[in-house]
Amino acid sequence: MTISSLSTQFAEIYQQQPTDFYFAPGRINLIGEHTDYNGGRVFPCAISLGTYAALKPRTDQTIRLYSVNFPEAGISEFTADQLEFVAQDWTSYPKGMFKFWQEHQHPFLHGFDILVQGNIPAGGGLSSSASIEMLFGKILTDQFQEPVDQLTLVKMGQEVENKFIGVQSGIMDQFAVGMGQAEQAILLDTNTLKYEMVPVHLQQYQIIIMNTNKKRTLADSKYNERRQECEEALKRLQTISDVTTLGALTKDEFDTLTYAIGDETLIKRARHAVFENQRTIQAVQALKNNQLQTFGHLMNASHISLEYDYEVTGIELDTLVHSAWQHGALGARMTGAGFGGCALALVAQDQTDNFMQAVNQDYQARIGYAADFYPAKIVAGPQKIH
Ligand code: GLA
């Protein structure tokens, strides 16, 4: 995406030139999946696939939005006091940010004409929604010169998801997108929000993002269901222990207490949350020690746990990941919420072409359509780009 192509498109839609340009990344999560609403650790990073905006401030209070990705939606026009949620409409994300921005007592000084264009596959598990939220957080703070810190914007994005969109998601996506740094991943303790930036040195290896191209449909309801199952398991554990989150338990402590859960499905869900958190701690240590093989094994263990205990993978993700294992990946796992979306593989740089071809062949034979592959480049969070 270039400034000049954004300008051209902006001029076509709004018959004038834009004045400012912004970018916010998407994210991948290296390990620590479905732990962020269980008080556990996550280990995500921001990626170069993301969302761009070109804009021109207006003198009135009207906001006009247009997305190159959803041309059929046309131009949405509204004012900052007319912010209604509309299902399946991308403008709900910016509208949510405008709403909570004002609810937190920040001034909304004037309207804008804004054109947005993203290169994150929508519904692909790379946080296109958090990317849009953090993009608009950056636009609002920059355009209105409000000194709002990045963590406040991150929490605002999560509030949009929880209270406006209706997905009970954790804080990982907005945190990864909002706080990302080039070449580094973020070890975040979601219980305390303490975090550490960890350089991602992969020697001769490269992270490949593998997209199932399966759009998630029931993702949101299943996502909320998993969250409820974990809450129920925790409640049952609390009848015999004073544990406050699943992320606070070691594997041994969990084993000792498991009988109190008393339900096979709930035990599997909670076991995933507890073990995945411990795996994340181990994996970060392995990366710091340059033990990439151990890191890869822990990625694989994470996928197995998401497949069998948490049951959020599905045939498409399993096919990609199992095929990646067969074709020499040092590690591979689904990333994000699951139920479709994307997986990651750690692949030797000089093998990536053969790898992608072989995995795609397996995928097509089994699933009937092709997967997409992108090398992951780890970049910094939201930026004004011009
Ligand atoms: C989605 C949610 C995140 C997190 C992941 C699973 O991306 O938005 O908060 O729970 O799923 O790790």
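Both counts, for ligands and for their atoms, begin at 1 and track the order of listing.
- Evaluated for a side chain to side chain contact (heavy atoms under 4.5 Å, CB included) with Ile47, the options Ile207, Leu126, Val177, Ile120 yield exactly one hit, Leu126.
- For ligand 1, the atoms lying closer than 4.0 Å to a non-hydrogen atom of Gly170 are 9 (O).
- Salt bridge status for Glu232 with Arg236: present, with a side-chain N to carboxylate O gap under 4.0 Å.
- Under a 4.0 angstrom heavy-atom cut-off, Arg27 registers as being in contact with ligand 1.
- Here atom 1 (C) of ligand 1 lies nearest to Asp173 when heavy atoms of Asn162, Asp36, Asp173 are compared.
- Checked against Phe108 for a ring pair (Phe, Tyr, Trp, His ring centres under 6.0 Å), the options Trp101, Phe136, Phe144 give a single hit: Phe144.
- Near Tyr37, with a cut-off below 4.0 Å to any heavy atom, the atoms of ligand 1 are 10 (O).
- For ligand 1 and Met172, the ligand atoms under 4.0 Å from any heavy atom of the residue are 4 (C), 5 (C), 12 (O).
- Of all atoms in ligand 1, numbered sequentially from 1 with element shown, those under 4.0 Å from a heavy atom of Ser169 are 2 (C), 8 (O), 9 (O).
- Here Glu196 pairs with Lys288 in a salt bridge; the nearest charged N to carboxylate O distance falls below 4.0 Å.
- Residue Asn29 has no N or O atom closer than 3.5 Å to an N or O atom of ligand 1.
- Taking the charged nitrogens against the carboxylate oxygens, Glu229 and Lys268 have no contact shorter than 4.0 Å, which rules out a salt bridge.
- We find that Lys384 and Asp20 are joined by a salt bridge, their nearest charged nitrogen and carboxylate oxygen being less than 4.0 Å apart.
- Contact atoms of ligand 1 toward Tyr223: 1 (C), 2 (C), 3 (C), 4 (C), 9 (O), 10 (O), 11 (O) (distance under 4.0 Å to a heavy atom of the residue).
- Distances below 4.0 Å separate heavy atoms of Gly336 from the following atoms of ligand 1: 6 (C), 11 (O).
- Checking Asp372 against Asn213 by side-chain atom types alone, a donor-acceptor pair falls below 3.5 Å.
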